[in-house]
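Notes follow once the structure below has been shown.
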Amino acid sequence: MVSHEMRSPLTAIQGTSELMGRYTLSDDKRKQMAQMINSESKRLARMIQTFLDVERLSAGEMDLRTDSFAAQDAVEACLQRTRPLADRKEIQLRAAQIDPWPLKGDRELMEYAIYNLLTNAVKYSPPNTTVTIAAHAEGSMLHLSVADQGIGMEPAELKNIFKKFYRTRKAETSGEVGTGIGLSIVEQIVTHHGGRIDVTSTPGKGSCFTIVLPRGTAPETAPASKMVSH
Ligand code: ADP
C-alpha cells in the first residue's frame with residue numbers, strides 16, 4: 001500500500017536526478033531541479049513517517065501525541081505546500097474564517113490529513129475555480145472544511161471513497177494520478193483523534209469534505225465572544 005503512494009515523489013526524484021546527470025544545465029535550472037529533489041524527498045520522508053505512525057497507532061503500539069497547536073498555523077502550512085499545485089492549475093486557494101481555537105493531537109498527522117483534502121480538491125477541480133478552507137467551532141469540536149467547485153461524486157460512490165484503492169470513474173478518467181489510498185489514511189487519522197470525516201458532493205458542481213475534531217482549550221487565544229462570560 002505504501003509503495004503505491006510513494007511512486008509519484010520517487011518518479012520525480014529519479015527523473016530529475018537523471019536529467020541533472022545527463023545534460024549540461026544552466027545554474028538556474030540546476031538550482032531549480034535540486035530544489036525539486038529536495039522538496040520531493042521531504043514529501044516522501046513525511047509520507048513514510050505518516051504511514052508508519054498510522055500503522056503503529058492502529059496496532060496499539062504507539063500513543064497518540066497530544067500537542068496543542070493553533071488550527072490556523074496547521075492550515076497555513078498546508079496551504080503553502082498546496083500552492084504550487086494550485087498555481088499550476090490556476091486554481092485559487094482561499095482561507096475563509098478560521099476560528100482561533102487550538103487542535104490537540106499529532107500535528108504531523110493532522111497536517112497530512114488537511115493537506116490531503118486540499119490536494120484532492122485541487123486535483124479534482126478544473127482550472128479557474130476556487131478551493132476554500134474554513135474552520136469553525138461547534139461546542140467542543142472544530143469543523144474543518146475543504147470545499148471545491150470540481151468534478152464531484154455520485155451519491156452512490158460516497159460510501160466507497162474511504163476504502164483503500166477505491167477511485168471514482170470520473171477520477172480515473174480525469175487524467176489525475178491517484179492511488180485511492182489518501183482518504184483511507186485521512187479517515188484513520190481523524191478516527192484516532194476521536195473525530196470523524198463527513199462529505200457532501202454534487203456531480204459536476206463540487207464537493208465539501210469536513211473533518212470534525214475535538215478542539216483544545218486555550219482561552220488566551222480564543223475570541224472574546226467565545227470566552228466564558230462572567
Ligand atoms: P486518490 O489518490 O485517487 O486521489 P484518495 O483516497 O485521496 O485517492 O481519494 C479517493 C477517491 O475519492 C478519489 O480517487 C476520487 O475518486 C474521490 N475524491 C476524493 N476527493 C475528491 C474531490 N475533492 N472531488 C472529487 N472526487 C474526490
Side-chain angles (χ1 to χ4, degrees), residues 1-12 40 43-44 46-51 53-55 58 75 78-79 81-96 108-135 143-192 195-212:
M1 172 172 137
V2 178
S3 55
H4 277 273
E5 192 76 356
M6 291 190 329
R7 221 188 284 150
S8 114
L10 262 181
T11 307
E40 288 297 302
R43 186 156 81 93
L44 194 55
R46 244 196 323 261
M47 208 184 270
I48 293 169
Q49 190 61 49
T50 301
F51 288 146
D53 285 353
V54 170
E55 284 295 305
S58 300
V75 166
C78 295
L79 282 174
R81 257 185 267 154
T82 315
R83 206 147 269 138
L85 194 69
D87 287 349
R88 247 178 277 146
K89 281 189 81 173
E90 291 183 37
I91 287 175
Q92 201 202 338
L93 279 184
R94 200 172 72 86
E108 285 288 320
L109 292 184
M110 281 205 196
E111 286 194 4
Y112 179 89
I114 299 169
Y115 173 69
N116 221 274
L117 296 186
L118 282 170
T119 49
N120 274 352
V122 170
K123 268 163 66 178
Y124 301 118
S125 291
N128 300 309
T129 53
T130 303
V131 169
T132 308
I133 186 163
H143 292 233
L144 213 149
S145 65
V146 175
D148 65 52
Q149 302 167 327
I151 59 175
M153 290 164 278
E154 299 292 335
E157 293 176 315
L158 292 183
K159 61 178 187 309
N160 294 322
I161 57 173
F162 298 102
K163 292 182 186 155
K164 265 175 220 166
F165 303 122
Y166 181 86
R167 301 191 78 206
T168 62
R169 238 158 48 93
K170 262 199 189 141
E172 286 280 26
T173 53
S174 68
E176 290 288 348
V177 181
T179 55
I181 289 169
L183 281 182
S184 75
I185 301 276
V186 171
E187 191 188 33
Q188 288 182 65
I189 292 174
V190 172
T191 309
H192 282 304
R196 63 170 204 275
I197 178 160
D198 299 333
V199 56
T200 57
S201 188
T202 312
K205 286 247 159 66
S207 311
C208 181
F209 284 84
T210 304
I211 48 184
V212 181

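All ligand and atom numbering here is 1-based and tracks the order in the structure.
By the ring pair (Phe, Tyr, Trp, His ring centres under 6.0 Å) test, His192 pairs with no residue at all, sequence neighbours left out. The side chain to side chain donor-acceptor pair (under 3.5 Å) test applied to Glu172 returns Arg167, not counting sequence neighbours. Legend: residues meeting side chain to side chain contact (heavy atoms under 4.5 Å, CB included) with Ser174, ordered by chain and number and at least two apart, are Tyr124, Glu176.
A donor-acceptor contact shorter than 3.5 Å is absent between the side chain of Glu90 and the backbone of Asn128. With Asp148 contributing its side chain and Val131 its backbone, the two residues share no donor-acceptor pair below 3.5 Å.
Using a heavy-atom distance under 4.0 Å as the criterion, the protein contacts of ligand 1 are Asn116, Asn120, Ala121, Lys123, Tyr124, Asp148, Ile151, Gly152, Met153, Ile161, Tyr166, Arg167, Thr168, Ala171, Gly178, Thr179, Gly180, Ile181, Gly182, Leu183, Ser207, Phe209.
Under 4.0 Å is where a charged nitrogen must lie from a carboxylate oxygen, and between Arg46 and Glu111 no such pair does.
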